[in-house]
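In what follows, a single structure is set out as structure tokens and then discussed.
Worth knowing before you read on, the calculation uses all heavy atoms, side chains too, and leaves out hydrogens, waters and symmetry mates.
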Amino acid sequence: MRAADVIRRKRDGLALEPTEIRELIGGFTAGEVADAQMSAFCMAVFFQGLSDDESAALVDAMLHSGDVLDLASVPGLKIDKHSTGGVGDKISLCLAPLVAACGVPVPMISGRGLGHTGGTLDKLAAIPGFRSDLSPERFVALVAERGMALGGQTDSLAPADRRLYALRDVTGTVESIPLIASSIMSKKLAEGIDGLVLDVKVGSGAFMKTLEAGRALAQTLVDIAVRAEKRCSALLTNMDQVLGQAVGNALETREAVDVLRNEGPADVRELTLLLGIEMLRLGDVEIDPSLARVRLEAALADGSALERFRSIVAAQGGEPRALEPGGLPEAPDRDTLTFDRPGWVEAVDVEAVGRAAMLLGAGRSRAEDAIDPAVGLIMKATVGDQVEPGQVLAEIHHRESRGLAAARKALAGAFRVGETSRRPSPLLLAPPLRDGTEADSEVNR
């Protein structure tokens with residue numbers, strides 16, 4: 001096989017055979033297919049797309065470009081969750097221990113943030129001493145012993161994806177749904193899971209801006225999971241508003257811990273429960289959504305979910321006392337954003353909010369950028385709120401004014417305040433997609 005021939009065939013809209021895709025990815029991983037050639041392949045896919053068979057073959061080739069974890073020794077169905085990324089999305093930190101406390105093993109491999117959305121590993125890194133660089137053996141052992149593990153992608157898990165994503169980022173092909181789906185699913189299937197719950201974000205702070213695009217991505221992901229004989233559900237959730245109030249790593253970690261204390265913002269708690277219901281269903285622990293909710297709420301109320309988080313923090317080298325009030329890093333300086341006239345918050349540009357936090361040092365514009373875990377934002381107003389002159393819209397946690405002026409400008413432009421009262425969009429935008437079909441709307445109630 002010549003890589004140029006495969007690229008030409010896809011450029012011309014022809015279907016590729018699984019062997020062609022497998023050899024192309026294998027050659028790329030081995031360094032035999034040049035970056036320029038793989039960039040051309042990505043652009044061909046961007047314009048011509050991939051069939052279901054081609055997408056499945058690409059995922060399989062990327063999955064087997066490295067190691068696949070073996071969790072067969074862990075009893076029960078192993079279920080993970082993946083979010084496509086959103087501003088204030090700290091759900092993994094409260095969801096994983098909650099679901100594990102309810103009896104479903106959760107092997108969760110997460111990533112670091114790049115751009116306006118934060119990464120789960122960056123939030124965990126705000127806990128002093130916490131180690132996410134687990135060996136495969138240690139990762140499996142933790143799932144067996146503690147019911148969960150919170151790790152990062154290693155060089156041996158889906159290495160083709162790591163190299164391919166770097167090329168997509170600099171060649172304008174990130175938006176391709178087949179390439180997005182293959183990136184997500186190759187990493188998740190490499191965990192050795194039995195099922196996956198997907199949180200596909202839609203709105204101004206999400207990668208998918210429209211419900212139509214979000215639904216297309218969700219359906220593609222579910223279809224790939226079904227072909228791989230994995231259980232799968234996908235929720236389409238609202239990212240036209242910041243999730244919760246906190247944006248920034250230590251601030252978000254604190255908010256997730258608040259949820260585990262049976263407190264915290266209502267939307268963060270509710271989304272945690274909605275995703276948990278799906279994870280308990282896929283794990284065969286509780287099929288009935290109403291009973292699953294009761295079980296999850298009980299684990300929050302009796303403290304077992306918080307204790308599970310404390311346990312995994314200690315097992316991964318972190319300081320459990322950091323989960324107590326005042327235990328996480330705090331920025332030394334505060335500022336506020338206020339508005340000068342009365343009105344209603346009609347819209348929030350959530351991507352601009354994420355960009356403001358990044359400018360303070362809470363996120364990265366480049367992969368090598370360092371993060372300040374303490375800085376960030378506390379949102380004091382959102383869509384549908386009535387505001388008065390001088391009312392605080394956001395609290396800014398910064399360090400020695402680093403990035404403060406630029407962050408204030410981005411944040412001020414994020415709020416649209418007018419004379420119209422607007423009802424915010426619901427948290428859950430559509431009934432869940434379950435194994436390729438829409439579920440009953442009971443989960444929405």
Cut-off 3.5 Å, side chains only: do [X] and [Y] have a donor facing an acceptor?
X	Y	answer
Ser304	Asp302	yes
Asp89	Ser83	yes
Ser425	Asp240	no
Thr29	Arg163	no

Please confirm whether the backbone N or O of [Y] pairs with a side-chain atom of [X], one donor and one acceptor, at under 3.5 Å?
X	Y	answer
Ser65	Met62	yes
Asp12	Leu14	no
Ser176	Thr173	no
Asp385	Thr382	yes
Thr237	Leu427	no
Asn249	Ala362	yes
Ser132	Gly151	no
Glu278	Val197	no
Glu255	Lys90	no
Glu252	Lys123	no

Spacing of [X] atom [atom1] and [Y] atom [atom2] [to the nearest 0.5 Å]:
X	Y	atom1	atom2	answer
Ser73	Asp70	OG	CG	6.5 Å
Glu297	Cys102	CD	SG	10.5 Å
Cys232	Asp223	SG	CG	9.0 Å

Within the 4.5 Å heavy-atom criterion, are [X] and [Y] side-chain neighbours or not?
X	Y	value
Leu280	Leu296	yes
Val68	Leu63	yes
Leu251	Ile378	yes
Ile79	Val106	no
Leu71	Val140	yes
Asp122	Pro373	no
Gln386	Val345	no
Gln241	Pro424	yes

Grab the two heavy atoms, one from [X] and one from [Y], that are nearest each other, plus how far apart they are.
X	Y	result
Thr171	Ser39	CG2-OG, 3.7 Å
Ala228	Leu189	CB-CD1, 3.9 Å
Leu164	Cys42	CD1-SG, 3.5 Å
Gln153	Ala158	NE2-O, 3.5 Å
Ser183	Tyr165	OG-CD1, 4.5 Å
Ile127	Phe309	CD1-CZ, 4.1 Å

Can you sort out the partners of Arg310 under side-chain contact (heavy atoms from CB on, under 4.5 Å), two or more places apart, ordered by chain and number? Arg261, Leu306, Glu307, Leu323, Glu324
Tell me every residue that passes side-chain contact (heavy atoms from CB on, under 4.5 Å) with Arg146, counting only those two or more places apart in sequence or in another chain. Leu142, Ser311, Ile312, Ala315
Take Glu17 and Arg22, measure what salt bridge (Lys or Arg N to Asp or Glu O under 4.0 Å) needs, and give me the verdict at the end. CA-CA 9 Å; Glu17 296 296 326; Arg22 186 165 55 247; over 6 Å; no
One pair to check against side-chain contact (heavy atoms from CB on, under 4.5 Å): Leu16 and Phe41. What are the steps and the verdict? CA-CA 12 Å; Leu16 301 179; Phe41 175 74; 3.8 Å; yes
Between [Y] and [X], is there a salt bridge with N-O shorter than 4.0 Å?
X	Y	answer
Asp435	Lys230	no
Asp288	Arg281	no
Asp53	Arg227	yes
Glu263	Arg269	no
Arg293	Glu286	no
Asp199	Lys201	yes
Lys78	Glu191	no
Arg422	Glu346	no

Cation-pi check, Arg11 onto Phe47 ring (under 6.0 Å, within 45° of axis): no
How far apart are the C-alpha atoms of Leu124 and Leu93, what are their side-chain angles, what is the distance that settles it, and do they pass the side-chain contact (heavy atoms from CB on, under 4.5 Å) test? CA-CA 8 Å; Leu124 290 169; Leu93 275 66; 4.1 Å; yes
Is there a side-chain contact (heavy atoms from CB on, under 4.5 Å) between Lys10 and Leu50? Walk through the geometry before answering. CA-CA 9 Å; Lys10 178 44 57 183; Leu50 293 176; 4.0 Å; yes
Using the rule given for side chain to side chain donor-acceptor pair (under 3.5 Å), can you reason through Ser92 versus Lys81, listing the C-alpha separation, both sets of side-chain angles and the distance that settles it, and then say yes or no? CA-CA 8 Å; Ser92 291; Lys81 164 260 183 187; 2.9 Å; yes
Decide yes or no on salt bridge (Lys or Arg N to Asp or Glu O under 4.0 Å) for Asp284 and Arg231, but give the supporting numbers first. CA-CA 11 Å; Asp284 279 351; Arg231 301 179 175 204; 2.8 Å; yes
Verdict with supporting geometry, Leu243 and Asp267, side-chain contact (heavy atoms from CB on, under 4.5 Å): CA-CA 7 Å; Leu243 187 56; Asp267 58 342; 3.8 Å; yes
Apply side-chain hydrogen bond (donor to acceptor under 3.5 Å, both in side chains) to His64 and list each qualifying residue two or more places apart in sequence or on a separate chain. Asp60
